[in-house]
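Okay, structure first, notes after.
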Amino acid sequence: MSEKEINKEQLKKEIDQELNSTILAMAQDPSNADNYHTLAKLYAMDNKFDKVISVYESLLNLHPNDSQALLNLGSIWFFEKEYKKALGYYQKAMDVDPENYLVYFNLGNTYAEMKNFAKALHFYNRAIDFNSLNPEIYNAIALLYHDYEDYVESKAYYEKALSLDPDNLTSHVDLGNIYFKLFDYQNALKHYLRVYELNPTNKTVIICIANTYSLIKDQENAYKFFDLALTLDDDNYKTYICYAISKADFKDNEGALELYKKAIELYPDQMNAYILVGNMYSNMKNYESALEYYNKALALSPNDASIHVLIANTYYMNNQIEESLKSYRYAVNLVPENDEYKLVYIQLLEDYIVELRSGEVLENA
C-alpha cells in the first residue's frame, strides 16, 4: 500500500471516529445546532453530500433561521448546477441575514452562471456595500465583464482587486489572459511571470508563459518554460500540443511532429493532435500523410463536418478534385445550414463541370 493510500485510510478512520462521537452528542443534545454543522462538515469531508443535505434540512426544521445552513445548502445546489434550488436557499439566507456580504456574493455567482448579467452585477454590488475591501468580489465582477467580452471594464475590476491584494493570483492570471487576447503580450507576460514568482509550480501559468514567449519570437525562453512544464507532475498532453505548435512556428517540423506523436501516445482517443499533425503535413505538402492523420481523427468523430472539409481541402490541393467534391458534399449533408461549406462546394462543382466541358470540347476539336 502506498503512503498516499495509507494516509487516505487513516483520514477515513479519523472521520468515522468523529462521526460516531458527533452522532452520540446529537443524541444527548438534539437541539444543538453546532452538532449538526459538525456532522455536515464530516459528511462533506467523506464526499457524502446526500447526507450533508439531509443533515442541514433536519437542522432547518429545528432552526429555520440558521443562515449558515441556508448558505451551505445553497452552495451545494450551486455546485450541482441546480441554480433555482440554490437561489431559493440564498434568498432565504438574505431574509435572515441581510447584511452578510456572502449571501449577495453567492447570489451574484448564481445569476452569473445563469447568464443574467444585470442581476449578477446587482448582487455583486450589494456584496461590495457590505464588504468593499474583498478582492474576490471585484474578481467576480471582472470575470462577469470578461464573459461578455467587455475587456475595458474587466481590466478595471481586476486592477481594483490587485490594489487591494497585489499578490492575488486570480487577478494576475485573468489579467494576463485579457492582455493575451488583446495581443498585448508584454503586459500578459508581466502578470503571468508574477504568478510564476508566487507559485513556481503552477503548470498552467508556466505553459501560458511559454506560449507568450513563443508568440513574441523568444525561442530560448519559450523552450525553457515548455521544458520546465514537462518536468512537473500532472498531464502533459496540453504541454506537448503547445510545445509542438511552438516548434512548428520556429520551423522545427521534426521536433513538432515528435511532440504531437507523444501527445497521441498519451491520449490516442483525443482527435485534436491528429488534426494538428494533419495540418502540419498539409503545410509541408505531404498530402498522403495529411490524409492519413485526418482520417484517424475522422474515425474518432465521423460526423464532424470540419474534418471532412479538411480532407476535402487536402484532396483539392493534391488535385484529386472528385475526391474533394465527395468530402465537401459529405460535410454539406452533415451541416446543411452552413452556407460557407455550401458556397465552396458549389463553386468547386461549377469549376469542375467547366473543366470537364472544356476537355470535351478539346477532344472533339
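Throughout, numbering of the chain's residues begins at 1 and tracks the sequence.
- The number of heavy-atom neighbours closer than 6.0 Å to NZ of Lys224, taken from other residues, nucleotides and ligands shown, is 12 or below.
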Output, in order, the C-alpha distance, side-chain angles, deciding distance and verdict of side-chain contact (heavy atoms from CB on, under 4.5 Å) for Val52 and Phe49. CA-CA 5 Å; Val52 176; Phe49 291 102; 4.2 Å; yes
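- Hydrophobic cluster membership differs between Leu189 and Ile245, with clusters built from Ile, Leu, Val, Met, Phe, Trp and Tyr side chains linked at under 4.5 angstrom.
- With a 4.5 Å cut-off on side-chain heavy atoms, Phe180 and Cys208 do not count as touching.
- Between the CG atom of Leu298 and the CD1 atom of Ile275 there is a distance of 9.5 Å, given to the nearest 0.5 Å.
- Remark: side-chain polar atoms of Thr314 are paired, donor with acceptor, to backbone N or O of Leu310 under 3.5 angstrom.
- Among all heavy-atom pairs drawn from Tyr341 and Asn338, the shortest one is N-OD1, 2.9 Å.
- Side-chain contact between Asp167 and Asp165 is present, with heavy atoms from C-beta onward closer than 4.5 Å.
- In this structure, Lys296 is positioned above the aromatic face of Tyr293, its NZ or CZ under 6.0 Å from the six-membered ring centre and within 45° of the axis.
- Using a 30° and 60° split on the angle between ring planes, Tyr104 and Phe130 fall in the parallel class, below 30°.
- Using modelled atom types and a 3.5 Å distance limit, the side chains of Tyr294 and Asn279 yield a donor-acceptor pair.
- Ile206 approaches Pro200 most closely through the heavy-atom pair CD1-O, 3.5 Å.
- In summary, the aromatic rings of Tyr185 and Tyr213 are positioned with their centroids too far apart to meet the 6.0 Å limit.
- Residues Val205 and Tyr179 are members of separate hydrophobic clusters, defined by side-chain heavy-atom contacts under 4.5 angstrom among Ile, Leu, Val, Met, Phe, Trp and Tyr.
- The number of heavy-atom neighbours closer than 6.0 Å to CG of Asp233, taken from other residues, nucleotides and ligands shown, is 12 or below.
- Judged purely by atom type and a 3.5 angstrom limit, His63 has no side-chain atom pairing as donor or acceptor with the backbone of Asn32.
- Of the charged side-chain nitrogens involved, none lies within less than 4.0 Å of a carboxylate oxygen, so that Glu322 and Lys326 do not count as a salt-bridged pair.
- Side-chain atoms of Asn131 never come within 3.5 Å of backbone atoms of Ala127 as a donor-acceptor pair (strictly under, hydrogens ignored).
- In this structure a side-chain-to-backbone donor-acceptor pair under 3.5 Å is present from Thr110 to Asn106.
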Is there a side-chain contact (heavy atoms from CB on, under 4.5 Å) between Ile141 and Leu121? Walk through the geometry before answering. CA-CA 7 Å; Ile141 297 174; Leu121 186 60; 3.9 Å; yes
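- Residues Leu59 and Tyr89 fall within the same hydrophobic cluster, defined by Ile, Leu, Val, Met, Phe, Trp and Tyr side chains chained together at heavy-atom separations under 4.5 Å.
- Taking the six-membered ring where the residue is Trp, the centroids of Phe225 and Tyr196 are separated by under 6.0 Å.
- Closest approach of Met271 and Ser301 over heavy atoms only: SD-CB, 3.6 Å.
- Between Tyr151 and His146, the gap from one ring centroid to the other is short of 6.0 Å.
- With contacts defined as side-chain heavy-atom distances shorter than 4.5 Å, the pair Leu291/Asn318 does not qualify.
- A salt bridge does not link Lys92 with Asp95: none of the charged nitrogens is closer than 4.0 Å to a carboxylate oxygen.
- Hydrophobic clustering keeps Val96 apart from Val103 (ILVMFWY residues linked when any side-chain heavy atoms are closer than 4.5 Å, directly or through intermediates).
- Note on Leu60: it clusters hydrophobically with Leu62, by side-chain heavy-atom contacts below 4.5 Å among ILVMFWY residues.
- Between Gly108 and Phe123, the closest heavy-atom pair is N-CB, 3.7 Å.
- In this structure, Tyr145 has its ring center under 6.0 Å from that of Phe117.
- For Lys203 and Asn236, the side-chain atoms include at least one donor-acceptor pair closer than 3.5 Å.
- Aromatic ring pairs are classed by plane angle as parallel below 30°, tilted from 30° to 60° and perpendicular above 60°; the pair Tyr157 and Tyr138 is parallel.
- Side chains of Asn35 and Asp29: no donor on one and acceptor on the other come within 3.5 Å.
- Judged by distance alone, the side chain of Lys155 and the main-chain N or O of Leu175 form no donor-acceptor pair under 3.5 Å.
- For the pair Ser67 and Ala93, the tightest heavy-atom approach, listed with the atom from each and the gap, is O-CB, 4.4 Å.
- Side chains of Asn109 and Tyr124: a donor on one and an acceptor on the other come within 3.5 Å.
- Residues Tyr260 and Ile241 meet the side-chain proximity criterion, which asks for heavy atoms closer than 4.5 Å.
- A donor and an acceptor atom, one from each side chain of Tyr90 and Ser75, are located under 3.5 Å apart.
- No side-chain heavy atom of Leu70 sits under 4.5 Å from any side-chain heavy atom of Tyr56.
- Side-chain N/O atoms of Asn134 and Glu136 include no donor and acceptor closer than 3.5 Å.
- Looking at Ile307 and Ile311, their side chains come closer than 4.5 Å, going by heavy atoms from C-beta outward.
- Here OH of Tyr315 is found 6.0 Å from OG of Ser327. Values are rounded to the nearest 0.5 Å.
- Looking at Asp50 and Tyr43, their side chains never bring a donor and an acceptor atom within 3.5 Å of each other.
- At least one side-chain heavy atom of Leu24 sits under 4.5 Å from a side-chain heavy atom of Gln28.
- Looking at every heavy atom in both residues, Ala305 comes nearest to Ala331 through O-CB, 3.8 Å.
- In this structure, CD on Glu80 lies 9.5 Å from NZ on Lys85, to the nearest 0.5 angstrom.
- Ring centers of Tyr287 and Tyr281: at least 6.0 Å apart, outside the cut-off.
- Note that OH of Tyr328 and CD of Gln347 are 11.5 Å apart. Values are rounded to the nearest 0.5 Å.
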Would Ile207 and Thr204 satisfy side-chain contact (heavy atoms from CB on, under 4.5 Å), going step by step from the backbone distance to the final call? CA-CA 5 Å; Ile207 294 171; Thr204 299; 5.9 Å; no
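- Shown here is Glu197, whose CD atom has more than 12 heavy atoms of other residues, nucleotides or ligands within 6.0 Å.
- In this structure, a donor-acceptor pair under 3.5 Å is present between the side chains of Asn199 and Thr201.
- Using cut-offs of 30° and 60° on the angle between ring planes, the pair Tyr267 and Tyr237 is perpendicular.
- In this structure a side-chain-to-backbone donor-acceptor pair under 3.5 Å is missing from Ser246 to Cys242.
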Determine, stepwise, if the pair Tyr243 / Asp227 fulfils side chain to side chain donor-acceptor pair (under 3.5 Å). CA-CA 9 Å; Tyr243 202 170; Asp227 287 334; 2.9 Å; yes
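- A distance of 11.0 Å separates CG in Asn177 from CG in Leu182, rounded to the nearest 0.5 Å.
- Counting heavy atoms of neighbouring residues, nucleotides and ligands inside a 6.0 Å radius, atom CD of Glu337 exceeds 12 of them.
- Of the inter-residue distances, the one linking Leu300 atom CG with Asn295 atom CG reads 11.0 Å to the nearest 0.5 angstrom.
- Thr22 places none of its side-chain heavy atoms less than 4.5 Å from the side chain of Tyr36.
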Using the rule given for side-chain contact (heavy atoms from CB on, under 4.5 Å), can you reason through Leu71 versus Asp97, listing the C-alpha separation, both sets of side-chain angles and the distance that settles it, and then say yes or no? CA-CA 10 Å; Leu71 270 172; Asp97 193 2; over 6 Å; no
